[in-house]
Amino acid sequence: MIPMVDLKGQYLTIKEEVDNGILETLDNTRFILGPNVQAFEKEAAEYLGVKHAVSCASGTDALHLALLAAGIKAGDEVITSPFTFIATAEAIRYVGAKPVYVDIKPDTFNIDPDLIENAITDKTTAILPVHIFGQPAQMQAIMAIASKHNLKVIEDCAQSFGAEINGKMTGAIGLAGCHSFFPSKNLGCYGDGGMVTTNDDEIAEQLRILRNHGSSRQYHHDIIGYNSRLDEIQAVVLRIKLKRITDYNNGRRNAAHLYSKLLKDFVTPPHEDGIGTHIYHQYTVLTDKRDAIQEVLKEHDISSAVYYPIPLHKQKVFANECQGISLPVTEETARRCLSLPIFPELSNEQVNTIVAAIKTAF
Ligand SMILES: *Cc1c(COP(=O)(O)O)cnc(C)c1O
């Protein structure tokens, strides 16, 4: 059996360190905003090359809190990608703003910067690019548009921890970067977790208050905040994995490159745009034989998945407000995309097994 991601296999390689770290926390009982959370924030900020990293309870919360801290409010429009996980749009709706979807590029699946200006209205206050599947969106172009129109840029880095573009890490470019530590993400913990990165002192201060009941001093509450903190036990796991994240991401890249070499005559492999580093949160191909490939993979006990079968503008929850919206590249991609198992420990032998199985569909 080959899973989409082998969390158990990875755990076994770091078991002793993880077990000891968790036991230490059980022993010292500093469960909320303890020493590991503080240390992790410092180490993550250093790794990503940002001034501040403020952890929180999930990637969804990271997006929500970042939008709040950036002052995005009811009635605003936020330009984003329709080809992403629902959380991107949910967070925009949490602050009362409206997601405005701009079509993606057919090769990278990232928001197409050439189409953004057309979507800007006098209500637009932010652009929320998603670095989908681990390949950075074209940030240089996006930042230029944002600066021309005086818009804020909030990056969705849930799938791109450690991906670089133009010499910077994702999450270090816009006003804020929103990270998820959901277990299957490139940097994942053993439960839910998230973080916002920023170089802006005021935004960082706002985030620290927002995640902790609107309070910067215990039992003094200045605004309505939230209970959204990274768990100390999760911070223990994240510190251990952060030390290895470069290797983990390189492991994914190596597996991806072998896949692409072996699969290129059968499917359209993922395209690396050469601007940013693709860290392959997902290895996603395009194919007209998706059902047939999934069928043979299943017969061989190999997992596969469709990210994402329904673009956000076609979701039931947005059916009313998105009536008549046509985003042809996104819709075509949703029909033809297929994600194969990818994780740092995926061996050449496993890639060969998966490719051999896929070939039987042709
Ligand atoms: C996973 C993910 C999120 C949400 O992160 P959670 O930690 O699960 O809340 C947001 N955006 C994208 C693109 C994601 O993949």
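Ligands are counted one by one from 1 in listed order, and the atoms in each one are counted from 1 as well. Atom set for the values below is all heavy atoms of this structure, side chains included, hydrogens, waters and symmetry mates excluded.
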Please identify which atoms of ligand 1 are closer than 4.0 Å to at least one heavy atom of [X].
X      : result
Phe85  : 2 (C), 3 (C), 12 (C), 14 (C)
Gly59  : 5 (O), 6 (P), 7 (O), 9 (O)
Thr88  : 11 (N)
Ala87  : 3 (C), 4 (C), 10 (C)
Val130 : 13 (C)

Protein heavy atom at shortest distance from [atom]:
atom                    : result
atom 1 (C) of ligand 1  : Lys185 NZ, 1.5 Å
atom 11 (N) of ligand 1 : Asp156 OD2, 2.8 Å
atom 9 (O) of ligand 1  : Thr60 OG1, 2.5 Å
atom 15 (O) of ligand 1 : Gln159 NE2, 2.8 Å
atom 12 (C) of ligand 1 : Ala158 CB, 3.4 Å

* Lys185 to Phe161 six-membered ring, cation-pi geometry met (6.0 Å, 45°) -> no

* Could you check Leu207, Thr60, Leu65, Leu210 and say which one makes a side-chain contact (heavy atoms from CB on, under 4.5 Å) with Ser228? => Leu65

* To do: Record the part of Thr84 in heavy-atom contact with ligand 1 below 4.0 Å; permitted values are side chain, backbone, both and neither.
  => side chain

* Residues that Tyr226 engages under ring pair (Phe, Tyr, Trp, His ring centres under 6.0 Å), provided they are two or more places apart -> His64

* Apply the test side-chain hydrogen bond (donor to acceptor under 3.5 Å, both in side chains) to residues Thr125 and Asp76: give CA-CA distance (whole Å), side-chain angles for both, the deciding distance (0.1 Å), then the verdict. => CA-CA 6 Å; Thr125 51; Asp76 289 4; 3.0 Å; yes

* Asked: Side chain of Glu232, backbone of Val37: donor and acceptor closer than 3.5 Å?
  -> yes

* Is it true that Glu43 and Lys243 have a side-chain N and a carboxylate O under 4.0 angstrom from each other? -> no

* Pair Glu155, His131: side-chain N/O donor-acceptor within cut-off below 3.5 Å -> yes

* To do: Quick one: sort the Tyr308 and Phe83 rings into parallel, tilted or perpendicular, breaks at 30° and 60°.
  => perpendicular

